[in-house]
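What's counted below: heavy atoms across the whole structure, side chains too, no hydrogens, waters or symmetry copies. The structure presented is a predicted model; accordingly, all values stated were derived computationally and were not measured. Numbers restart at 1 for each chain; the letters A, B, ... are given by sequence-line order, proteins then strands.
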Amino acid sequence: MQDAAAAKHDAQEFEPKVVAFLCKWCSSAGSDLAGVSRLKYPANAVPIQVMCSGSVSPIYILSAFNKGADGVLVSGCHPGDCHYLKGNYYARRRIFLVQKLLQFIGVEPDRFRMSWVSAAEGVKYAEVITDFVNDLKALGPQTKLKAKR
Amino acid sequence: MTRRAGVFVCHCGTNIAATVDVKRVAAELARDAGVVFSNDYVYMCSDPGQQSVIDAIREHNLDSVVISCCSPNLHEKTFREASSQGGLNPFQCEIANIREQCAWVHKDRDEATTKAVKITRSAVERARRNQPLTPIGLPVTRKVMVIGGGIAGIQSALDLANAGLDVVLVEKQPTIGGHMIQLSETFPTLDCSQCILSPKMVEVSKHPKITLMTSSEVTSVSGFVGNFKIKVHTKAQYVDPDKCKLCDDCTAVCPVVVPNEYDVGLNDRRAIFIPFAQAIPASYYLDPESCLGLNPVVCGKCANVCEADAIDYDAKPKDSEIDVGAIVVATGFDLYAKDKMAEYGGGKYPDVLDGIQFERMCSASGPTGGQVLRPSDHEEPKTVVFVQCSGSRDPAQHCVYCSKICCMYTAKHATLYKHHVPNGRAYVFYIDIRSGGKGYEEFVQRAMERDGVIYLRGRVSKIYQSKGKLKVLGVDTLAGKNVEIDADMVVLAQAMVPSKGTTEVAKALKIGRDKDGFLAEAHPKLRPVESVTGGIFLTGAAQAPKDIPETVCQASAAASKVIALLSKPELEHSPVVARVRESHCTGCEMCVDVCPFEAITLVEGKAHVNEVLCEGCGTCVGTCVRAAIDVKNVTQLQVFEMLEACMGGE
Amino acid sequence: MSENVYLPQLARIVHIKDEVPGARAIKTFRVEFMNGGGFDHEPGQCAMISVFGKGESMISIASAPTITDYKQFSIMRSGRVTTAIHDMKVGDVIGVRGPYGNKFPVSDWKGRNLVFIGGGCGLAPIWPVIQTAVANRMDFDKITVFYGGRTSRDIMYAAELEKLRGQADVHLSIDSPEEGWEGYCGFVPANVMDKPQRPDNAIAITCGPPIMIKFVISNLREMGFADEQIYTTIENKMKCGIGKCGRCNVGTDYVCVKGPVYSWAQLKSLPQEY
Amino acid sequence: MEAILKRNRLGQWITELQERAEIYAPDFVEDTWEFAKVGRGATVELNHSNTVRPAKRFVFPQREVLYRFRIENSQSPKLTDTEPKVESTVVFGVRPCDGRAMVRNDRVFTCGFSDPYYQARHDNVVFVGLACNAPPSQNCFCVSVGGSPHSEDGLDVLMTELDGRYHVKALTDKGSDIVRSAGDLFQDVKAADMDDVGNAHAIALEYSQRSISSMEAVAAALRRNFDSPIWDKLARACIGCGACTYLCPSCHCFDINDEVTNKSPLTGARVRTWDNCQFPDFTMHSSGHNPREDTGARLRQRICHKLLYFVETHNMQQCTGCGRCITHCPVGIDIVKIANVMEEGVWQ
Amino acid sequence: MIPVEDIRARAKDLLQSGKVRAVLGYRRSTAGLLAEPAFMTTADETAALVLDPTCVGNLALYLVNEKKRMKHARQSDKRPLGIVAKGCDSRAITVLLQENHIRRDEVIVLGVSCETGGMIDTRKLNKALRGKGATSAHFEGEGGVRVSYVGGGTILPGKDVLADRCLECAKSYPLDADFFFGEKVDERPYGPRFAAVSAIAEKGSEERSAFWDAHFERCIRCYACRAVCPMCYCDECVVDSTNFIVGPTTSADEKADRVRWINRSATPSENAMYHMVRAMHLAGRCIDCGECERVCPVNIPLRLLNTMLEREALEMFQYTPGIDAEQPSLISSFRDGDPNDFVR
Ligand SMILES: Cc1cc2nc3c(=O)[nH]c(=O)nc-3n(C[C@H](O)[C@H](O)[C@H](O)COP(=O)(O)OP(=O)(O)OC[C@H]3O[C@@H](n4cnc5c(N)ncnc54)[C@H](O)[C@@H]3O)c2cc1C
Ligand SMILES: Cc1cc2nc3c(=O)[nH]c(=O)nc-3n(C[C@H](O)[C@H](O)[C@H](O)COP(=O)(O)OP(=O)(O)OC[C@H]3O[C@@H](n4cnc5c(N)ncnc54)[C@H](O)[C@@H]3O)c2cc1C
Ligand code: SF4
Ligand code: SF4
Ligand code: SF4
Ligand code: SF4
Ligand code: SF4
Ligand code: SF4
């Protein structure tokens, strides 16, 4: 029984589903750069481009989990570099709170990530995704917010 | 929502096709509800590729189009244009990036294909709910207001006027010139400041395209880029500049004597006076504050003697409303108040001067006629201590930032001192020397080596008066010992802070300021002369401490931005802007608080987006808890549908 | 499962006709049941239309009861489900369950004059009654149809109404004058007032926006129609259609079962909650 | 069929029943009584006051999947019927008010069109009632609405606790079945037991409850006062939540919505969920017209439905006096008070 | 101890002089121990006004509801509403002011201090009385509550029967009142703030997860929590999948395009979503009146979610809701020095 459970959680078998909200100006451009540099990272994360990390409403994140995401990434410009000056500062505050809340109800903190990836940080983007997916593999499927219909 | 979407999957040669099974992507999408056409092609961006989009739109009556290809940064424009040739609104075309974000970064063909399907599907969901949009066109007023008549404002105004634009130059003081007119010589070349500035000032006054408004301030602004309405308040002009003959008769009879602010108190003036000989407008000026009464019964001496009949005690202040298309803010700096430096005896001892005072002293037109004399006893100081970073780089008590120019002007001051008093001793206390700039390092080296200025690395801890001398206590960190200097005079290189006028104008224009109070630029690297508000530009020391060459650069840069902006008869603004659902908005103003572009105001208790100012960043969307605001074509519904598409699949 | 009343039958859209354009567009959908399904209905009855993934809506069956190989629904685009169905094309499949509700007691009206008064989308529910009456033309005396839309483009069943003229008096109206319009200009109740109907031996059947019905009824009463001579339908929000979900409840009635057809006499005895 | 069960044999009975059914009994969860599934070997006390959530959820769960759909191609949707495959269930500790509510629910779900989900669940659940011997809770008023602390209506079995034992009375075939199946656990009823039962029931009736003097008068008053401004006054504090109706054992309103699980192919389920006449959009038409626009109208609907309309159509109140809507109303809206105010006509 | 007569007199005076269109206060309820909201429009009605530890409800809610009522009824009585407000209630008023939902001149606040007392938690009381239904409760002596029940009475220590929110109260008196009753007491004889949330936060994540799963499982989505919350004043809540705001101008598209973020089904995932969204929407806005938790029929400890965020707001952003109507909201402001470590 235990072995079976362990096997189920085997990193090989479980492919986490990830949604990555990328701001148009930095992180999306950074992920483009990762592509241009032909870096390799796991294919688990589907990017959704948004204008600014500041536009990511907490409900987007929660909804992604509800629809079955095992992990959610929000990525924006480094503080001070926001194309819209301060959008990422608002995002940071909001997302800090979302993360605390997720943590509080017992969602593993590693299921949710925020990162700053600039347009020049293709390598960092690849690393963030790789690292995130590895974390998620170890965690197994997300069940708490996923709708069972 | 559209019902007839078309999907075009690009092989990009083998760039995409090598990793992604493009045929499968096209086939899977073909099954989706609302997709009526789905195909793949080797190079979508090629002419035949684009033509196939155009043809398919016509043939299959497509109402939205998704191209699954490379980054939208590369070909979004291409395909949107192709779509509009096909008869679609360009905004009904979306790009799914399956190259940079998929094919190029994955190895496993199956995984990459699955992801490509999801990316494409979410693009379809988005495209299907895109509204057709047209860029917002707005007429422009081809007139510019420049606020602040220092070198920054003067330069901008001249550049703009020479480009054929009408310019209104608004200056708070009775004359333009700003701080530069107070300087004696300028580093690194030591040419006379007034000599290089005065011709420009005259040019301003003579230029047919420039309207000069002195003693004037902006009180409020409405409107937006291309169409500002500005209210300007002009103080009463008791002396008519057109009549004034500059004869000086009035000054001669005026009984009032007050400190002269242009000489920073080193000198006196009358209640009616000319700030300095080169003042523009070239006219005497009656200071109502010190005048005995603006009432002939009380005094009336000056009007009596004025043969030109230029003086009118009954003059009234004036309010005007001016329409302009763009604004350049050049309201400059102030020196960090000397008396805030109690530890250095600033404001307490007359012989502790600030930089501008020293400039005035060195200036041939200054209070001492260009001689360096102690204010207290008009003796020539034998030992002068210059203190750099006075108030700068001191996060604990004063300003955190580096004022950037003090190293240079201190070197200049020490040099000038040595030129005036060759046998005097000049000490400079410094933390480091920041002399980046053409010829700057050489200038400092010359001060040290040729002019024998003694540079001591370390901070001054205290200055106090003792036995007619100013005792300067400090450390020489290089020598590792305390130093104590008996100085005759001390010059504090006070930090530069945003001028009071800058603070006021920021408020009136509703433009942001940075943490230090300087005007905030739209982007610190890429848009350094633009404010966050479209159509308002920044220049000079109001934006950050800077020297004259840099100020002039920025002034011309701002001017060229304005010229570019106003070169079109109509401005085009992206239609991807926020829209409020009034039924849901409760007027809580949170969006108003967060909008980086001040695009939202409350109108009758509901948020109202000024589409011209909105940049479509969506910060408001992320903030509004009532889901009452959305950015067109990136609506919450679209994000929801995209999420569903990303998560779906069996 | 034997009989699951909630499970719709599948029906294919075989024909779509645009009736009225605009923000509140009306389209008529003709559907054919698949797999040999189907049901008979009486004039006035409704059916629950399903768009899978969106939901269900109660819609009057607009085709005549005598037509058995298809059913027709005239649907105004109003919200989630109705928009989804407007987005569908011929060949797409919807779900239909029914028939629900009571009927117009047409057979009781033999030998009488019938006055139909419809406005906007309200022609749909009474259309099968008109059809039934016309099909049995000999059973009735005079048949008069009043119908109005906001503009000439809002007139639904325009061609059918033209055809009807042979069998009945048809009085069309639009709210305000338009070039080329030969009918009445003004609101439907006014049109009715303009052409007074004799109340004796007549039955008036009215359907349309609540405000129109209100004025039509008061006009009819003024002309001397008794409460029992006036019929209308009410459209309370419905979810199940079979008297369970409680939503359409007005007083003792579950409108989906006891209604939607009421004589004014009956309706007056119900609380004013429709 | 009647029998006596020793108190200490209850556990055994439950264990035996667990062989063929899922057993539910009240459990004290988070300071409230809730029907909870009884685990193997768990003890059941039956010393509860009424549960917060009524027993109706065993026949009318808050969420019911009506069927699933899958659409690969808009021209051939596939529907999968999901009539509940209900495990046999025995619910212990059902109070008589909840039992009587079941009679009301039956009326709604089985008259006219029969509701297959309700029916299937009802066929497979056995309600074992427990007479209320102890003093009632502060808002109980079953007697006023024609019930009693030991009403048998709607129950399959009624248990009455006696000293150290239960009197168990099977009322339906389903009830007899679960008693008979464990026949050896039970003893025959003696005359003394019957006396004790009689006593217990008599004492229970003695306890004072809240009361409504005349239901006929209330009905008449409600009819009379339909348009009275009193409703606005009474409902002024109402916050329009669903506590009163969701917790009512005889409220049956529901909503039907589609829940989509996947976009392509479109898959999902048509689902019904409880709904509630106190929500503002309950009756709102697509046009925005709302026949019951304010809390006054909605409160009136709730009260009239319970105490007037249902009586007119089914000859019984749709309220069984459990008092939940009173106890759990956040703002003190009180059906008993309203009924009395209506009847007495005493309001300012 | 505040003499209730003073408040009655003031309410009476306000009504008599016609300065207010009504006074919101408390009166005894037929439904149980807790006082119920009273809408007093005549001076006579003020005689029934009570103030004791059973006046639990947050009447600020009715400032919101009455606004909707007035709009609905197209009433034009522009006179302000008088309202009896405790510390927490007045914080709610402040947030409503901050969000422009009401104007200051629309209310006359009769502020009452809870001094060293607070409001009763009926669950705790029931426990303490072992099921004996209480009939009345008053403060007596130092921090004691005199409770009567049928056939007796007793004095219980406040900390045993007062609501958690009162034990942890941030400010037990209104900061902004037009009339003030009672004494401003800053030191209260109870535990530290955020005690309840800290207790949960300290648990292991597994345990916490199980704790919330069990609770979310039980939620019936009656929305009493939302309905009672003065901050949940939106006409249409983002979690609703049905239309609330439909007017003559609402287009078919608008109705068709409503996002169904959360399904109506009361399943654990949807319930969790609901509570998460609600908690986020109340971040920096919830003023800890504890009403949501009180009204929950199945006793879900909702207050924990809100106070957890309140604690974060205070500790990480130095933000306290409900103290200053002029400050920008928690989520519509930021500081350069906001936590950044969690960003990777
Ligand atoms: C002691 C000292 C020595 C210096 N020496 C040198 C040097 O040798 N070489 C060099 O390159 N740089 C030197 N500088 C720097 C130089 O002075 C500045 O770079 C330059 O003056 C900046 O010009 P500005 O136009 O931006 O600002 P300012 O000169 O400050 O001009 C701003 C103008 O705006 C007006 N104004 C302010 N507020 C308002 C308002 N609200 N409405 C209307 N008008 C308003 C002011 O009255 C003023 O006329 C020195 C600076 C100091 C302090
Ligand atoms: C007996 C009857 C006959 C009808 N006949 C027709 C007809 O022939 N043609 C036509 O166009 N419309 C008719 N309607 C109205 C039609 O049912 C609604 O317009 C439709 O349900 C709106 O659904 P929606 O999902 O598009 O709107 P939304 O506003 O998105 O739906 C909101 C929800 O409320 C329900 N709802 C809202 N308004 C109504 C309403 N008036 N009746 C029932 N449910 C409602 C819907 O089912 C849905 O669940 C009829 C209604 C009734 C009750
Ligand atoms: S945040 Fe939302 S509700 Fe508040 S004013 Fe802005 S749009 Fe309106
Ligand atoms: S989208 Fe950005 S710029 Fe536009 S109104 Fe919203 S916050 Fe302001
Ligand atoms: S009566 Fe009470 S419980 Fe019912 S909706 Fe109103 S406030 Fe809620
Ligand atoms: S109406 Fe109230 S008292 Fe009556 S059965 Fe329902 S919940 Fe119980
Ligand atoms: S938490 Fe409680 S009050 Fe809120 S919806 Fe759920 S059951 Fe109702
Ligand atoms: S969330 Fe709860 S505690 Fe907070 S303000 Fe709303 S009802 Fe009060």
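K40(A) and H106(B) share no donor-acceptor pair across their side chains, judged by distance under 3.5 Å alone. Side-chain polar atoms of E121(A) and H78(A) form a donor-acceptor pair below 3.5 angstrom. Of the N and O atoms on the side chains of R121(B) and S68(B), not one donor lies less than 3.5 Å from an acceptor on the other residue.
Most heavy-atom pairs under 4.5 Å with chain A: of the set E100(B), R126(B), E615(B), this distinction falls to E100(B). Among the candidates V594(B), I119(B), V634(B), the residue making the largest number of heavy-atom pairs closer than 4.5 Å to chain A is V594(B). Ranked by heavy-atom pairs under 4.5 Å with chain B, the list S31(A), A126(A), A34(A), G87(A) is led by S31(A). Chosen from G122(A), P58(A), C82(A), A64(A), the residue pairing most often with chain B at heavy-atom distances under 4.5 Å is A64(A). Comparing S53(A), C52(A), S37(A) by heavy-atom pairs within less than 4.5 Å of chain B, the highest count is held by C52(A).
When heavy atoms are compared at a cutoff of 4.5 Å, F21(A) approaches chain B solely by way of its side chain, counted from C-beta outward. Contact of N97(B) with chain A is made through the side chain alone, with heavy-atom distances under 4.5 Å. With a threshold of 4.5 angstrom between heavy atoms, D81(A) approaches chain B through its backbone and through its side chain. Using a 4.5 Å cut-off between heavy atoms, T623(B) touches chain A through backbone and side chain atoms alike. With a threshold of 4.5 angstrom between heavy atoms, Y41(A) approaches chain B through its backbone and through its side chain. Contacts between D593(B) and chain A at a heavy-atom distance below 4.5 Å involve the backbone alone (N, CA, C, O). In this structure, chain A has heavy atoms under 4.5 Å from both the backbone and the side chain of Q636(B). R38(A) touches chain B through backbone and side chain together, each having a heavy atom under 4.5 Å away. Only the backbone of A45(A) comes within contact range of chain B, with at least one heavy atom under 4.5 Å from a heavy atom of that chain. For F597(B), the part lying under 4.5 angstrom from a heavy atom of chain A is the side chain only.
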- [ ] Applying salt bridge (Lys or Arg N to Asp or Glu O under 4.0 Å), run through D135(A) and R113(A) and close with a yes or a no.
- [x] CA-CA 11 Å; D135(A) 277 5; R113(A) 227 181 234 241; 3.1 Å; yes

TODO: Go through the steps to decide whether T533(B) and E598(B) satisfy the test side chain to side chain donor-acceptor pair (under 3.5 Å), and finish with yes or no.
DONE: CA-CA 7 Å; T533(B) 309; E598(B) 311 268 354; over 6 Å; no

Open item on the list: Working note: V7(B) + V124(B), criterion side chain to side chain contact (heavy atoms under 4.5 Å, CB included); need CA distance, chi angles, decisive distance, verdict.
Closed with: CA-CA 8 Å; V7(B) 176; V124(B) 171; 3.7 Å; yes

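Between R129(B) and E641(B) there is a side-chain heavy-atom pair separated by less than 4.5 Å. Within the 4.5 Å cutoff, side-chain heavy atoms of I129(A) are placed close to those of L73(A).
A distance below 6.0 Å separates the ring centres of F518(B) and Y401(B).
S71(B) places a side-chain N or O within donor-acceptor distance of the main-chain N or O of N73(B), the cut-off being under 3.5 Å.
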